[in-house]
Amino acid sequence: DTEILVEEALQFLDGPGRVLDIGVGSGAIAIALAHEKPQVRVRGIDISPDAVAVAAENARLNGVAERTEFVVGCLAEFGAGPYDLIVSNPPYIRQADLDALMPEVRDYEPTGALDGGSDGLDAYRAIAQQAPGQLKPGGRLLVEIGIEQESEVAQLFTDAGFVDIQIRNDYAGIPRVVTGMKSS
């Protein structure tokens with residue numbers, strides 16, 4: 001369902017801009033945005049050096065390496081802002097639900113990419129609090145969410161001072177992306 005996040009992000013990128021992808025993983029989001037918007041520069045961060053290496057190689061293979069940068073870092077180390085857009089598909093599975101995941105997810109995805117804490121919202125709390133300091137006025141924060149997390153994530157965005165909160169459904173009609181704008 002991450003294509004919904006990419007589609008939504010593309011709507012907010014008009015002309016040159018800077019994007020930060022938090023928890024870049026294999027680089028799919030960052031690379032798709034760089035590929036679709038040649039005037040945009042994308043920085044991806046991840047706590048995993050292996051993920052950063054994979055993302056950099058994928059960017060090279062997809063011809064966008066010159067407009068992407070991938071660095072090892074955590075949420076507290078956004079750095080290099082301000083950005084026009086911040087995107088993330090953070091860990092959002094509740095700890096209690098990890099064992100019940102489909103084997104193809106549970107057995108092959110790194111736990112750190114799945115475990116969202118006791119309520120699944122740990123990463124959203126951190127992102128919502130730290131993103132305003134890295135966004136330009138009018139910049140947007142977009143995150144992919146898990147099932148039935150839209151209200152809580154929207155409230156975290158509101159509490160952090162974001163305005164124009166929007167929720168976009170996936171193709172099955174399930175709320176999948178929450179966006180918010182940094183006020184001017």
Is the shortest heavy-atom distance from the side chain of Phe12 to the side chain of Leu142 under 4.5 Å? yes

Check whether any side-chain heavy atom of Tyr124 lies under 4.5 Å from a side-chain heavy atom of Gln149, and answer yes or no. yes

Heavy-atom closest pair (Pro49 atom, Val72 atom, distance to 0.1 Å) is CA-CG2, 3.7 Å

Who are the side chain to side chain donor-acceptor pair (under 3.5 Å) partners of Asn58, not counting sequence neighbours? none

Any link between Tyr171 and Val178 through a network of hydrophobic side chains (Ile, Leu, Val, Met, Phe, Trp, Tyr) touching at under 4.5 Å? no

Measuring from atom CG of Asp122 to atom CD1 of Ile127, what distance do you get when rounded to the nearest 0.5 angstrom? 11.0 Å

Working to the nearest 0.5 angstrom, can you tell me the gap between Ile147 CD1 and Arg176 CZ? 5.5 Å

Is there any ring-ring contact (aromatic ring centres under 6.0 Å, His included) pair reaching into residues 48-68, and which pairs are they, with sequence neighbours excluded? none

Can you tell me if Asp14 has over 12 outside heavy atoms packed within less than 6.0 Å of its CG? no

Quick one: do Val19 and Val71 end up in the same hydrophobic cluster if we chain Ile, Leu, Val, Met, Phe, Trp and Tyr together by side-chain heavy atoms under 4.5 Å apart? no

Between CG on residue Asn169 and CD1 on residue Ile174, distance to nearest 0.5 Å: 8.5 Å

Taking only residues two or more places apart in sequence, or in another chain, which ones meet Glu3 in a salt bridge (charged side-chain N to carboxylate O under 4.0 Å, His left out)? none

Is any side-chain heavy atom of Val54 less than 4.5 Å from a side-chain heavy atom of Phe70? no

Just distance, no hydrogens or angles: give the donor-acceptor pairs under 3.5 Å from side chains in residues 24-42, sequence neighbours left out.
unit_1	atom_1	unit_2	atom_2	d
Lys37	NZ	Leu13	O	2.9
Arg41	NH1	Glu66	O	3.1
Arg41	NH2	Glu66	O	3.3

What pairs with Glu69 under salt bridge (charged side-chain N to carboxylate O under 4.0 Å, His left out), at least two apart in sequence or on another chain? Arg43

Return a table of donor-acceptor pairs under 3.5 angstrom between the side chains of residues 155-164 and protein atoms on other chains or two or more places apart.
unit_1	atom_1	unit_2	atom_2	d
Gln155	NE2	Asp159	OD1	2.7
Thr158	OG1	Ala154	O	3.1
Asp164	OD1	Gln166	NE2	3.3
Asp164	OD2	Arg140	NH2	2.2
Asp164	OD2	Gln166	NE2	3.1

For Glu152 and Glu148, work out which heavy atoms get closest and say how close. OE1-O, 3.2 Å

Enter the distance from Ile4:CD1 to Asn89:CG here, rounded to the nearest 0.5 Å. 12.0 Å

Within one Ile-Leu-Val-Met-Phe-Trp-Tyr cluster: Leu135 and Ile22, side-chain cutoff 4.5 Å: yes

Distance, nearest 0.5 Å, that separates CG of Leu141 from OG of Ser88: 8.0 Å

Are Leu20 and Met181 co-members of a hydrophobic cluster defined by side-chain heavy atoms under 4.5 Å apart? no

Separation of Glu144 CD from Leu5 CG (nearest 0.5 Å): 6.0 Å

ILVMFWY cluster, Ile47 and Val87 together (side-chain gap under 4.5 Å): no

Determine yes or no for a side-chain-to-main-chain donor-acceptor pair under 3.5 angstrom, with Lys182 supplying the side chain and Gly139 the backbone. no

Test of understanding: with salt bridge (charged side-chain N to carboxylate O under 4.0 Å, His left out), list the residues that count as partners of Arg168, not counting sequence neighbours. Glu7, Glu8

Qualifying residues under side chain to side chain donor-acceptor pair (under 3.5 Å), relative to Ser48, sequence neighbours excluded: none

